[in-house]
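All of these numbers come straight from a predicted model, not from anything done at the bench. Counting begins at 1 with the first residue of the sequence.
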Amino acid sequence: AVLTCIFVQHDLRLVAIAAVICVVASSTAFAFHGRAVRASGGLRWAWLGLTGLVAGSGVWATHFMAMLAYQPSLQIGYELSLTAASLLAAVAGMGSGFALAAQPGRDKALVGGALTGCSVAAMHYMGMAAIRTKAHQIWDPRYVAASILIGAAGGMAAFSMRGRVKGRWAWAPPAGLLVLGIVGLHFTAMTAVTLLPDPALALPAHVMRRDGLAL
């Protein structure tokens with residue numbers, strides 16, 4: 001079902017762009033996080049803030065680029081306030097997760113990773129709640145639960161790996177694991193939703209169209 005969702009319901013060219021955004025954002029976030037771990041005082045918090053901004057905005061851009069790739073046979077718009085709120089949730093949640101994982105101790109890394117993954121899930125479902133279309137969203141709770149677990153597991157694996165690898169390229173393995181968690185979460189969550197058309201529903205006058213979202 002997940003593979004059908006990816007290869008049948010999505011434009012794979014835009015999926016590839018979303019994947020590139022996710023890789024660049026995750027790699028940059030872990031590179032900055034490494035600097036934060038080695039810094040102290042105000043500089044440490046500055047690096048952590050930048051890490052949260054890069055990670056949160058990057059995963060948000062990944063999600064909505066993937067939503068542009070999603071091709072149902074319906075006109076879709078996005079409610080602006082919820083779309084913006086999903087960005088804030090991603091930045092705040094992932095920033096908190098990276099900050100917690102920067103503290104000494106494997107338990108902090110695991111909890112920080114779980115928080116990071118769950119923040120991605122929160123952003124995703126807020127973004128889905130922002131969709132306005134002439135259809136009802138029907139959710140399969142099994143895939144919803146699986147998507148959240150995949151995101152949390154990806155974050156935990158990434159931060160667990162971050163404490164084990166050293167050297168100039170230490171950011172690469174955890175970034176790769178986080179990317180896998182984010183991508184797995186997204187497409188599992190997209191498999192969870194079915195759009196049930198209802199011609200009686202009307203698109204609100206003020207929604208963000210796909211071209212505005214692309215910009």
Side-chain angles (χ1 to χ4, degrees), residues 14-69 82-103 108-127 130 150-186 189 213-215:
L14 294 178
V15 168
I17 294 174
V20 170
I21 294 172
C22 192
V23 168
V24 171
S26 298
S27 300
T28 305
F30 271 103
F32 286 175
H33 189 252
R35 291 177 178 268
V37 170
R38 295 189 296 271
S40 60
L43 188 59
R44 177 187 180 91
W45 287 107
W47 278 115
L48 286 174
L50 191 57
T51 299
L53 179 62
V54 168
S57 60
V59 77
W60 183 87
T62 297
H63 167 80
F64 282 103
M65 181 58 70
M67 289 307 300
L68 288 174
L82 264 177
T83 301
S86 67
L87 171 60
L88 295 177
V91 171
M94 296 190 77
S96 299
F98 272 91
L100 183 59
Q103 300 180 31
K108 298 290 195 308
L110 293 177
V111 175
L115 177 57
T116 298
C118 289
S119 298
V120 177
M123 179 279 303
H124 177 95
Y125 288 109
M126 289 175 71
I150 289 170
M156 293 171 71
F159 282 110
S160 178
M161 178 65 71
R162 180 67 184 87
R164 298 178 184 177
V165 292
K166 306 294 181 183
R168 183 177 180 181
W169 300 95
W171 50 268
L177 289 170
L178 184 61
V179 168
L180 290 177
I182 293 170
V183 172
L185 183 158
H186 177 86
L213 181 62
L215 179 62

*Asks:* Can you tell me how far the CG atom of L177 sits from the CD1 atom of I182, to the nearest 0.5 Å?
*Replies:*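 Nearest 0.5 Å value for the CG-CD1 distance: 11.0 Å.
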*Asks:* Should T83 and W60 count as side-chain neighbours, where that means a heavy-atom distance under 4.5 Å?
*Replies:*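 They are in side-chain contact.
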*Asks:* Indicate yes or no for a side-chain donor-acceptor contact from R38 to the backbone of R44 under 3.5 Å, with no hydrogens or angles considered.
*Replies:*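 No; judged by distance alone, with no hydrogens or angles, the pair does not exist.
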*Asks:* For a 4.5 angstrom cut-off between non-hydrogen side-chain atoms, does S86 reach L82?
*Replies:*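 No, too far: nothing below the 4.5 Å cut-off.
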*Asks:* Can you see which heavy atom on L115 is nearest to which on G97, and at what distance?
*Replies:*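 Looking at all heavy atoms of both residues, the shortest contact is CD2-N, 3.7 Å.
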*Asks:* I want to check something: taking the side chain as every heavy atom from C-beta on, are M65 and L68 in contact at a cut-off of under 4.5 Å?
*Replies:*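 A side-chain contact under 4.5 Å exists here.
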*Asks:* A85: what forms a side chain to side chain contact (heavy atoms under 4.5 Å, CB included) with it, not counting sequence neighbours?
*Replies:*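 Testing A85 for side chain to side chain contact (heavy atoms under 4.5 Å, CB included), a comparison that skips the adjacent residues, returns M126.
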*Asks:* Kindly say whether C22 contributes a backbone atom to a donor-acceptor pair with the side chain of S26 at under 3.5 angstrom?
*Replies:*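 Such a contact is found between S26 side chain and C22 backbone.
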*Asks:* Once rounded to the nearest 0.5 Å, what's the spacing between atom CG of L48 and atom CG of L43?
*Replies:*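 The distance works out to 10.0 Å.
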*Asks:* Please find the pair of heavy atoms, one from A25 and one from V54, that lie closest to each other, and give the distance.
*Replies:*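 Looking at all heavy atoms of both residues, the shortest contact is O-CG1, 3.7 Å.
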*Asks:* Over 60° means perpendicular and under 30° means parallel, so tell me whether F30 and F159 are parallel, tilted or perpendicular.
*Replies:*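 Ring orientation, 0 to 90° scale: tilted.
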*Asks:* Starting at OG of S57, measure out to CG of L88 and round the result to the nearest 0.5 Å.
*Replies:*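 These two atoms lie 11.0 Å from each other.
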*Asks:* Mind checking whether H186 and T62 have side chains closer than 4.5 Å, heavy atoms only?
*Replies:*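 They are not in contact (no side-chain heavy atoms under 4.5 Å apart), so the answer is no.
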*Asks:* Students often mix this up, so state it plainly: with edges at 30° and 60°, are the rings of W47 and F32 parallel, tilted or perpendicular?
*Replies:*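 Aromatic pair W47/F32 classed tilted.
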*Asks:* Give, for atom CG of L100 and atom NZ of K108, the distance between the pair rounded to the nearest 0.5 Å.
*Replies:*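 The NZ atom of K108 is 7.0 Å from CG of L100, to the nearest 0.5 Å.
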*Asks:* Identify the two heavy atoms, one from A66 and one from A18, that lie closest to each other, and give their separation to 0.1 Å.
*Replies:*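 Minimum heavy-atom contact is N-CB, 4.0 Å.
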*Asks:* Report the distance from atom CZ of F98 to atom CG of L178, rounding to the nearest 0.5 Å.
*Replies:*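 So the CZ of F98 and the CG of L178 are separated by 5.5 Å.
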*Asks:* Ignoring hydrogens and angles, tell me if any N or O in the side chain of H63 forms a donor-acceptor pair with the backbone of M123 under 3.5 Å.
*Replies:*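 Checked: no pair found.
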*Asks:* What is the distance from atom CG of L50 to atom OG1 of T28, rounded to the nearest 0.5 Å?
*Replies:*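 Nearest 0.5 Å value for the CG-OG1 distance: 9.5 Å.
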*Asks:* If you look at every heavy atom in A69 and L14, which pair is closest and at what distance?
*Replies:*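 Nearest heavy atoms, A69 then L14: CB-CB, 3.5 Å.
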*Asks:* On a heavy-atom basis, which atom in G56 and which in A90 lie closest, and how many Å separate them?
*Replies:*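 Minimum heavy-atom contact is O-CB, 3.5 Å.
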*Asks:* Give me the atom names and distance for the closest heavy-atom approach of T51 to A29.
*Replies:*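 Here T51 and A29 meet closest at CG2-O, 3.4 Å.
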